[in-house]
Amino acid sequence: MELIVTEKNNAARRIADILSEGGATTSTTAGVNVYEWGGRRCIGLSGHVVGMDFPPEYSDWRDVEPAELVHADVVKEPTQEDIVNALQRLAREADNVVIATDYDREGELIGKEAYELVREVNDEVPVQRVRFSSITENEVRSAFADPDDIDFDLAAAGEARQIIDLVWGAALTRFLSLSARQMGEDFISVGRVQSPTLKLIVDKEREIEAFEPDDYWELFADLEKNSTEFEAQYFYEDEDGNEAERVWNEDDAEAAFETLREAGEAVVQSVSRRTRSDDPPAPFNTTQFIRAAGSLGYSAGRAMSIAEDLYTAGYITYPRTDNTVYPDDLDERELLGEFANTVFGDDAESLLDQDSLSPTEGDEETTDHPPIHPTPDFPDRNKLSEDEWEVYELVVRRFFATVAENAVWEHLRVVADADGESLKANGKRLVKAGYHEVYPYFNTSENFVPDVDEGDELALSDARLEAKQTQPPRRYGQSRLIETMESMGIGTKSTRHNTLEKLYDRGYIEGDPPRPTTLAKAVVEAAEEYADLVVSEQMTSELEADMTAIADGGKTLAEVTEESREMLDRVFDELTDSRNEIGEHLRDSLKADKTLGPCPDCGDTLLVRRSRTGSYFVGCDGYPECRFTLPLPSTGEPLVLEETCDEHDLHEVKMLAGRDTFVHGCPLCAAEEADESEDRVIGACPDCGDEEGGELAIKQLQTGSRLVGCTRYPDCEYSLPLPRRGDIEVTDEYCDEHDLPELVVRDEGEDEPWELGCPICNYEEYQQRQRQRGLEALNGIGPATAEKLEAAGVETVGDMASADAEALAEEVSGVSEENVREWQAQAD
DNA sequence: GCAAGGTC
């Protein structure tokens with residue numbers, strides 16, 4: 001029996017399909033899919049199934065000096081036990097093993113890890129290696145016809161990276177965390193990729209903070225020919241002989257303005273026309289896909305998660321790729337043909353009608369995977385969420401664009417003279433739309449300038465002088481950060497977006513575009529001073545050079561890692577002396593990130609704190625002398641914003657809760673608002689109204705949340721939830737069943753008020769919906785939909801114990817699929 | 001409990 005090992009289940013299934021000509025059967029071994037046909041079995045790993053770590057005696061942070069980690073052993077342990085078990089079970093019975101992991105460095109290492117697991121249980125079996133750059137009939141067949149050996153040097157290069165990353169990352173992370181006494185979940189992390197990325201963000205912030213704006217002026221006027229008006233801008237020649245529009249001196253600007261205002265007309269000095277070809281974009285690699293999705297409003301992580309779903313469902317190719325050149329065996333014409341009978345049919349036909357079909361190419365041609373493009377498998381639109389469809393359409397249209405013709409612009413430049421001052425107008429017109437016809441994501445707005453001739457006298461009206469200021473540099477957006485990381489060579493196609501998420505999670509950045517916290521600045525400062533290499537992209541470039549040397553046989557893994565450890569030794573020589581100083585600086589910064597402002601009782605400082613039960617609240621730094629506190633909302637992690645409240649001089653607080661994130665505002669304002677707001681009685685309490693005379697009232701709590709609750713609270717705890725935002729109106733309409741008024745919520749910025757109705761009915765419907773949604777999740781509705789449900793604030797079955805989920809399913813069984821679809825439509 | 005890299 002021959003055993004084929006791939007990097008992921010999807011690849012295993014497709015390779016089995018090709019080699020078996022569709023005849024493979026699927027079974028599971030130790031819960032892992034195995035594809036089997038004519039004497040062959042194929043199993044997919046899940047990337048690395050073993051992980052590198054220190055032996056257990058190093059695991060207590062307090063017992064081990066961080067510097068000891070530098071020369072500690074590292075060991076590899078299984079991290080995916082079920083897959084390791086399945087692999088070894090099959091390997092025992094194998095008489096030949098073929099490693100078919102991805103064709104890149106990490107794939108070689110994953111292959112070598114599989115090889116070692118095979119060897120543990122079978123020291124005889126031959127192990128071969130096949131390499132192919134896309135899972136297509138031709139490539140796979142020819143690779144298997146001519147197998148090769150594992151490249152152990154290349155795998156060792158990857159292993160050196162693992163060791164160096166672990167040793168540097170863990171030792172420095174522990175050092176900073178211990179020195180700041182930040183253990184547990186709020187440790188202070190550093191690493192070869194995350195820290196240079198963080199420095200990028202911090203450096204930009206430093207530029208912004210150091211920025212001093214300059215005043216300048218710009219002048220415009222309207223020109224007119226044959227009663228068509230167009231705008232022209234004043235310009236002059238600066239000291240270097242360059243054309244300039246900004247006037248840096250107010251007197252000069254006023255003088256030019258005076259001339260333009262008095263001129264009344266301008267004489268055309270020159271007219272120049274040129275046409276410019278606007279070539280279609282290159283095929284999508286991961287970074288460019290993230291960028292394009294970003295311009296549609298998707299965060300990097302969200303874009304990748306949607307792409308992942310579309311890939312797993314079989315609609316697009318593998319979304320993690322550096323490649324921007326379609327492989328030879330992609331038949332673009334055939335793929336276009338697959339869209340003929342879809343909503344993209346007209347566009348596909350028009351592309352097929354072109355004289356030639358030559359796809360664009362980017363600069364990167366790699367062996368890992370093809371660029372991201374749609375597969376011939378066209379999705380049923382109803383099965384995708386709106387977001388998924390939008391992203392899918394982007395991928396389809398990008399593919400279309402890469403085989404479309406170029407666009408052509410015509411530029412018209414007119415220069416005119418108004419009493420010795422120069423005016424210019426630049427017009428542009430799209431004369432051939434080309435790829436823009438099928439790829440509507442780029443700006444194609446035109447700027448109209450009429451046909452004029454040299455010597456024409458144009459009427460000049462409405463001269464304008466605009467006072468402006470230079471602007472600070474812009475922060476990096478997520479996609480620009482990822483592009484910059486790529487150009488610096490840090491991170492990989494699969495990890496860059498995760499690195500950004502890590503920086504958010506660690507409390508280093510907040511907002512979008514991301515801004516560094518005080519802690520982030522302190523960590524970067526500390527690293528710059530004592531371990532410069534770890535915040536520098538140079539660490540990666542040196543590592544890359546070393547890895548190339550290992551792969552070529554010029555250096556050994558032992559040499560490279562030993563060299564790196566010696567460097568880290570020297571870093572620790574310096575660090576250890578400054579431990580207290582560093583710790584103090586980090587602690588101050590952490591405190592600054594939690595500081596709200598002056599305590600209204602004692603004038604000391606209000607901080608965000610955590611109670612023993614884990615909930616957050618606002619407390620005074622002067623505790624226990626000052627016992628002032630304010631509550632915070634119970635959902636999410638609090639984040640102190642830059643914005644402050646005018647009344648109390650306190651920073652506003654934002655609650656981070658994934659997609660339910662909201663701004664709580666100034667906690668003192670929220671508390672005062674709650675104290676001032678009168679409870680509005682709307683009816684009798686259904687629990688205790690008859691016996692005790694309890695009444696239901698609309699209440700506002702100090703945490704900012706609102707509810708309908710019993711006036712006898714805390715004796716009676718009956719309550720119904722209300723939305724956090726919007727004005728709640730009590731109408732004259734009454735619910736027959738519960739004898740309560742219908743409520744309406746009016747939210748600023750929303751055109752339509754939300755007719756919430758009777759609060760009891762509303763809550764019952766809400767609970768019902770929650771159950772139905774649970775059922776949908778149970779019915780195998782995709783992760784994207786589940787995520788959406790979570791966004792709607794609904795706990796999904798994914799979070800429930802399986803017994804609970806089954807009980808829930810039983811409770812609502814007898815529901816037709818149609819009903820489910822209807823509910824889903826409502827939820828959307 | 002530390003990193004970065006796979007994959008889900």
Side-chain angles (χ1 to χ4, degrees), chain A residues 6-12 32-33 44-54 56 58-64 66-70 72 74 76 79-80 82-83 101-102 104-114 155 157-178 182-198 301 304-313 318-321 368-369 485 490-499 501-503 505-506 534 539-540 543-544 547 564 568 782-784 786-787 798:
Chain A
T6 70
E7 189 152 324
K8 43 192 165 276
N9 176 48
N10 248 313
V32 180
N33 281 347
L45 307 174
S46 183
H48 293 285
V49 294
V50 292
M52 204 162 258
D53 209 344
F54 299 106
Y58 291 93
S59 57
D60 192 325
W61 291 32
R62 267 161 293 227
D63 279 0
V64 182
E68 286 179 48
L69 293 178
V70 179
V74 286
K76 273 196 171 178
T79 50
Q80 308 256 33
D82 42 357
I83 296 178
T101 47
D102 290 356
D104 55 21
R105 186 175 58 221
E106 218 60 34
E108 206 67 24
L109 176 53
I110 290 165
K112 186 222 167 192
E113 288 161 356
E159 224 152 26
R161 178 200 59 70
Q162 288 185 316
I163 295 169
I164 290 169
D165 280 342
L166 174 65
V167 170
W168 280 74
L172 291 173
T173 293
R174 283 198 197 179
F175 178 87
L176 292 187
S177 303
L178 285 163
Q182 282 290 303
M183 329 271 265
E185 55 194 88
D186 292 325
F187 60 87
I188 296 172
S189 72
V190 275
R192 175 180 56 84
V193 174
Q194 59 166 293
S195 298
T197 307
L198 190 57
M304 285 311 287
S305 138
I306 292 173
E308 187 74 50
D309 287 347
L310 293 171
Y311 158 71
T312 319
Y318 194 64
R320 295 187 276 264
T321 177
D368 54 355
H369 295 90
M485 290 170 77
I490 57 174
T492 73
K493 65 215 172 185
S494 319
T495 57
R496 289 186 195 110
H497 64 278
N498 294 338
T499 301
E501 272 161 18
K502 187 181 279 180
L503 296 179
D505 288 349
R506 300 282 154 87
V534 85
M539 178 151 176
T540 296
L543 181 59
E544 287 287 344
M547 284 197 285
S564 179
L568 189 52
E787 200 173 308

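Chain naming here is simple, since letters A, B, ... match the order of the sequence lines and numbering starts at 1 in each.
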> Taking only residues two or more places apart in sequence or in another chain, which ones pass salt bridge (Lys or Arg N to Asp or Glu O under 4.0 Å) with A:Glu501?
Replying inline: none

> Excluding sequence neighbours, so at least two apart, what forms salt bridge (Lys or Arg N to Asp or Glu O under 4.0 Å) with A:Glu7?
Replying inline: none

> Can you list the residues that meet the side chain to side chain contact (heavy atoms under 4.5 Å, CB included) rule with A:Asp104, with sequence neighbours excluded?
Replying inline: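 With sequence neighbours excluded, A:Asp104 shows a side chain to side chain contact (heavy atoms under 4.5 Å, CB included) to A:Asp102, A:Glu106, A:Asp368, A:Lys493, given in chain and number order.
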
> Taking only residues two or more places apart in sequence or in another chain, which ones pass side chain to side chain contact (heavy atoms under 4.5 Å, CB included) with A:Asp60?
Replying inline: A:Arg62, A:Asp63

> Partners of A:Thr499 by side-chain hydrogen bond (donor to acceptor under 3.5 Å, both in side chains), sequence neighbours excluded?
Replying inline: none

>> Treating primed atoms plus P, OP1 and OP2 as sugar-phosphate and everything else as base, which nucleotides of nucleotides 2-7 of chain B get B, S or - for protein heavy atoms under 4.0 Å?
In response: BBBBBB

